[in-house]
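Reckoned from all heavy atoms, side chains included, excluding hydrogens, waters and symmetry mates. None of the values given here were measured: they were computed from a predicted structure.
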Amino acid sequence: MKGILLCIGIINFVVLAKGQYLNLDDVRRDFNKGVKNQELCERHLETLEKYAKSPVEKGYEAAFHMFMAKHTGSPFKKMSYFNGGKKLLEKQIQAEPANVELRFIRLCIQYYIPSYLGYKDNIEQDKDFLVSNLYKMGDEKTKDLLFNYLKGAKMYTEQELVKLGR
């Protein structure tokens, strides 16, 4: 009987613990959906706020903060979400300026946000950086995900895509 209870306790612990961690692959996969899907955005933001530790994880946390601006009606909350996310993202890029994924996040945000927000200064710089550095990423799965996103985003010319996809 004690053995059965111990097994049940261990299974419950594993199930509960598994639900309480950050799966960066899921966050990456859902990156372009966060701005459209409020529930998904809130879920990822909550997880990232609790568990993000690395600069890349914090970069995605910043992105989902900015995405939340799209999901709130209050102009004050919109600006708070956006500016808080922008500040967090720039802090991560300042700490790791050669991080391909952080530059990808910033490029995607700056490329698609409205001009009146005044956050478009690094588009060409980040595009060039990614062309020169994406192929150097060691994580092939993430590299392919980023490349496919950028390819579908139509922000690169055909010639740039050839260099980006090498």
Looking only at non-hydrogen atoms, find the nearest pair between [X] and [Y] and report the distance.
X	Y	answer
Phe147	Leu161	CE1-O, 3.7 Å
Thr157	Glu160	N-OE1, 2.8 Å
Cys41	Gly34	CB-O, 3.3 Å
Pro55	Leu102	O-CD2, 3.3 Å
Leu22	Ala52	CD2-CA, 4.0 Å
Val35	His71	O-CE1, 3.2 Å

Drop me the distance from [X]'s [atom1] to [Y]'s [atom2], to the nearest 0.5 angstrom.
X	Y	atom1	atom2	answer
Thr47	Glu57	OG1	CD	11.5 Å
His65	Glu49	NE2	CD	4.0 Å
Ile123	Asp128	CD1	CG	12.0 Å
Tyr112	Leu107	OH	CG	9.0 Å
Arg29	Thr142	CZ	OG1	12.5 Å
Tyr51	Glu61	OH	CD	13.0 Å

Examine [X] and [Y] and state if one hydrophobic cluster contains both, with Ile, Leu, Val, Met, Phe, Trp and Tyr joined whenever side-chain heavy atoms are less than 4.5 Å apart.
X	Y	result
Tyr111	Leu130	yes
Leu48	Leu40	no
Met68	Leu88	no

Are the aromatic rings of Tyr60 and Phe31 close, with centres under 6.0 Å apart?
yes
Phe129 side chain reached by Val100 side chain, heavy atoms, under 4.5 Å:
yes
Side chains of Asp26 and His44: does their closest heavy-atom pair fall under 4.5 Å?
yes
Name each donor-acceptor pair under 3.5 Å that joins a side chain in residues 76-87 to protein atoms two or more places apart or in another chain, with its distance.
| residue | atom | partner | partner atom | Å |
| --- | --- | --- | --- | --- |
| Lys78 | NZ | Ala69 | O | 2.9 |
| Lys78 | NZ | Thr72 | O | 2.7 |
| Asn83 | ND2 | Met79 | O | 3.3 |

Between the main-chain N or O of [Y] and the side-chain N or O of [X], is there a donor-acceptor pair closer than 3.5 Å?
X	Y	value
Arg166	Leu134	no
Arg103	Pro97	yes
Gln110	Arg106	no
Lys127	Met155	yes

Assess whether a salt bridge exists between Asp30 and Arg43, defined as any Lys/Arg side-chain N lying under 4.0 Å from an Asp/Glu carboxylate O.
no
Just to verify, which of Leu145, Ile105, Leu146 counts as forming a side-chain contact (heavy atoms from CB on, under 4.5 Å) with Arg28?
Leu145
Enclosure of [X] [atom1] (heavy-atom neighbours >12, cutoff 6.0 Å):
X	atom1	value
Lys120	NZ	yes
Lys143	NZ	yes
Glu140	CD	yes

Assess the side chains of Glu96 and Gln92: does a donor N or O sit below 3.5 Å from an acceptor N or O?
no
